[in-house]
Amino acid sequence: MTTPNGPPPLPPQYTGPGSPQDVPPRPGESPIDPATLPGPIREELEAPDPVAIDTSAEELKDGANHCPKCGATDIRHKPGTDVLVCLFCRHEWHGQRVEEEFGFGEGHDTLEGTIVSSGARDIDADTSSLMSFKCTACGAEVTVNTETNMTARCHWCRHVFGVNEQIANGAVPDAVLPFHIKKEDAIERIRQFVGKRRLFALKAFKEQFTPENVSAVYLPYMIVDGKVSVDVKGKGEIKTREYTRGSDNNKKTYYDADVYRVERHVDFTVDDLPLESSKSRGNLDTKANTNNIINTILPFDTKNAVKWNASYLVGVSSEKRDLDVEMLKPRLEDQALSIGRCQVEDSVRQYDRGVRWEQEGLTVHGTRWVAMYLPVWLYSYHEPGRNGGMLHYIAVNGRTGETMGSVPVQQWKLLLAAITVGTFLEGIALWILGSM
Amino acid sequence: MSDDGSLALLLLGPAGGTGLYWMLYRYYRNTDKSHAFERETKIDAKPVTGTDQKIGENNGTRDRRIAGDNVADFRERVERLPRAGANTGPPPLPRK
C-alpha cells in the first residue's frame with residue numbers, strides 16, 4: 001500500500017464523510033429538547049423509527065448461517081457440488097460464505113501490501129458492458145447490459161441465465177449479500193419513516209407518495225480490511241483557575257490554563273470497512289444530491305456474504321462498479337485517519353479545555369480489498385427546481401432494515417413555524433425585560 | 001441585569017426561530033447523516049501510547065475551550081505528517 005520512498009500523498013479530492021464534514025449525530029440525539037416544542041412537532045419527533053434488525057447479534061456472533069427453510073444450523077457441504085444441504089430438513093441451496101471460502105475473516109493482524117481479490121481488480125476500459133450469450137436451451141442470441149442487470153431471460157424460450165464469469169468491466173464482484181428484507185417489509189418501513197415527517201413535507205411529495213414503487217437494487221461496494229498506524233500531534237489545555245472580574249453589571253469570567261504538547265500513537269486493524277465503488281454514489285455532496293442517505297444505511301453484515309452467483313440477482317437491478325482500488329485508496333486513508341482520531345479521543349480526556357490536533361500521520365501496513373454487491377431497497381422522488389432539481393432517496397438496508405431518507409420540505413410552512421415560535425419566544429423575552 | 005444579559009434575552013426570539021428551522025430541516029432532509037464508520041466498524045486497536053509535555057501557560061483568557069479545539073471533529077483533516085520511514089530528502093533543484 002505504501003510507497004516507502006515516495007512523497008506524502010495529496011489530500012483527497014472529494015466531498016463526503018471522511019472529508020471535512022460533520023461527524024453524524026448519535027441515534028436519537030437532538031439539538032433542541034423535543035419537550036419544549038409545540039405538540040404536533042413533538043409528536044412527529046418522538047414517533048418510533050422503523051426498527052433495524054441487529055444482525056450482528058443474530059447472525060454474526062454465532063457465525064452460523066441458518067437454513068432458510070427450517071432455521072437449523074446443522075448445515076453441511078454436499079460433496080462434489082456447490083450445494084449446501086440442511087441435515088435436519090434435507091433442504092438444498094447454493095451459497096458459500098466468502099469469509100470462510102477465501103479466508104477474508106482472518107489474518108488482519110498480519111496484512112502486508114495490497115491484496116486485491118479477483119473481482120476487485122482494475123477495470124479494463126476496453127471491455128464492453130454489453131455481453132452476448134447463446135441461449136443454452138434454444139440457441140438464440142441474448143444480450144445482457146451489465147450496467148444495470150446481471151441476468152436475462154431468453155425472449156424465445158424463457159430460459160434464465162446470468163453473468164457468472166469475472167469479466168474485466170467491473171460488473172462481476174467477488175461476493176453478493178442476498179436480500180433478507182422482503183418488499184412488503186421495506187414498503188412498511190418507508191411508510192413509517194415518512195409517516196413521522198408529514199407536517200412540513202412538500203405537498204406534491206405527499207400527494208405522489210407511493211412506497212409500492214420501491215425497487216430492489218444491488219449497489220457495488222469495496223469491503224476493505226486494513227492494518228494501519230496513526231500518529232497525531234497537537235496542543236492541549238488543562239484549566240488551573242476560573243475567576244470573575246468587574247463590577248456587578250459588568251462581570252466577566254476568565255480562565256487560567258496549562259498548555260501541553262500532546263502526541264499519540266495507535267495501531268489498529270479495521271474489519272470490513274465498506275466504501276462505495278461507484279463514482280456517482282461516492283459523491284456525497286448534500287447540496288447536489290442525497291447519496292448520503294444511502295451511505296447512512298451502512299454497514300451491512302458483510303460477514304454473511306456468499307460467493308458470487310448471478311442467480312441471486314434474478315429480477316433485481318444492479319449498478320456496475322466504476323472505481324478501482326487505486327482510486328479508492330485516498331478515501332480509505334481519510335477514513336482510517338478519522339478512525340485513528342476517534343480511537344485516541346479517550347486518551348486525552350484529562351485536557352478539560354480540549355485538544356487542538358495540528359498534525360496527523362498514517363502508515364498503512366496492509367490492506368485487503370473485496371468487491372461486493374450489497375442489497376438496498378430504494379424509493380426515489382424527484383423534486384423539480386434549479387439545476388435539474390433534487391432526487392430524494394429513501395433507502396432501506398436489505399439486510400438489517402435500517403431506514404434513512406430525505407423528505408423534501410415545504411419551505412413556506414417551515415419558515416412560518418420558525419417565525420411563529422421565534423415571535424412567541426421574543427414576546428416572552430420582552431415581557432421579562434419589561435417587568436424588570 | 002447587565003447589558004450583556006439584556007442583549008442575550010433579546011436574541012432569544014431570532015435564535016430560537018433559526019434553531020427550530022435548522023433542526024426541523026435536518027430532521028426531514030437528514031443532510032447531516034452519513035455512515036458513522038468511526039463507531040460502526042469493527043476496530044481492533046492496541047493500547048494508545050504517547051507523550052504529554054508542559055510547554056507553557058495560557059492565563060487570563062475568556063475562551064472556555066482551546067482555540068481550534070478539534071478533538072471530537074474526527075473528520076476534520078489537519079496537516080499531514082510525512083510517512084514513517086519516508087525518504088523526504090532535500091528539496092528538488094529548481095528547473096533551469
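In what follows, every chain begins at residue 1, and chains take the letters A, B, ... in the order their sequences are listed. Heavy-atom basis, side chains included; hydrogens, waters and symmetry copies ignored.
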Check whether [X] gets within reach of chain B through its side chain, its backbone, both or neither, counting any heavy atom under 4.5 Å.
X        : answer
A:Leu45  : both
A:Lys287 : neither
A:Glu237 : both
A:Asp352 : backbone
A:Ile297 : neither
A:Glu242 : neither
A:Arg198 : backbone
A:Leu37  : side chain
A:Val355 : both

Check whether B:Ala15 gets within reach of chain A through its side chain, its backbone, both or neither, counting any heavy atom under 4.5 Å.
neither
Indicate yes or no for a side-chain donor-acceptor contact from A:Thr240 to the backbone of A:Asp256 under 3.5 Å, with no hydrogens or angles considered.
yes
Keeping A:Arg353 on the side-chain end and B:Arg64 on the backbone end, is there a donor-acceptor pair under 3.5 Å?
yes
Residue set satisfying ring-ring contact (aromatic ring centres under 6.0 Å, His included) with A:Tyr260, at least two apart, ordered chain then number -> A:Tyr351
Name all residues meeting the ring-ring contact (aromatic ring centres under 6.0 Å, His included) criterion together with B:Tyr25; count only those two or more places apart in sequence or in a different chain, and write none if there are none.
B:Trp22
Counting only heavy atoms not in B:Arg65 (residues, nucleotides, ligands), do more than 12 fall under 6.0 Å from its CZ?
yes
Taking everything shown except B:Arg39 itself, do over 12 heavy atoms lie less than 6.0 Å from its CZ?
yes
Aromatic plane relationship, A:Tyr243 with A:Tyr254 - under 30° parallel, 30 to 60° tilted, over 60° perpendicular:
parallel
Flag for A:Ser347-A:Arg264: side-chain donor and acceptor within less than 3.5 Å
yes
Side chains of A:His265 and A:Asp231: any donor to acceptor distance under 3.5 Å?
yes
Audit row: A:Ser229, A:Asp267, side-chain hydrogen bond (donor to acceptor under 3.5 Å, both in side chains) steps and yes/no:
CA-CA 4 Å; A:Ser229 302; A:Asp267 298 311; 2.5 Å; yes
Proximal to chain B - members of residues 417-426 of chain A, heavy-atom separation under 4.5 Å:
A:Ala417, A:Ala418, A:Val421, A:Gly422, A:Leu425, A:Glu426
Among [options], residue most engaged with chain A (heavy-atom pairs, under 4.5 Å):
options                            : value
B:Leu20, B:Asp73, B:Asp52          : B:Asp52
B:Gly68, B:Pro14, B:Gly19          : B:Gly68
B:Thr41, B:Thr61, B:Leu12          : B:Thr61
B:Leu24, B:Asn70, B:Asn30, B:Asp63 : B:Asn70
B:Ala36, B:Gly56, B:Pro47, B:Gly50 : B:Gly56

What pairs meet the ring pair (Phe, Tyr, Trp, His ring centres under 6.0 Å) rule with one or both residues in residues 45-78 of chain B, with sequence neighbours excluded?
none
Among [options], who wins on heavy-atom pairs under 4.5 Å with chain B?
options                                : value
A:Glu345, A:Glu360, A:His392           : A:Glu360
A:Gln411, A:His108, A:Arg241, A:Arg245 : A:Gln411
A:Asp271, A:Val194, A:Leu430, A:Asp109 : A:Asp271
A:Asp346, A:Val270, A:Ile339, A:Thr269 : A:Thr269

Electrostatic pair A:Asp272:A:Lys303 at N-O distance under 4.0 angstrom:
yes
When A:Gln410, A:Arg197, A:Glu44 are each screened for side-chain hydrogen bond (donor to acceptor under 3.5 Å, both in side chains) with B:Tyr28, the one that passes is A:Glu44
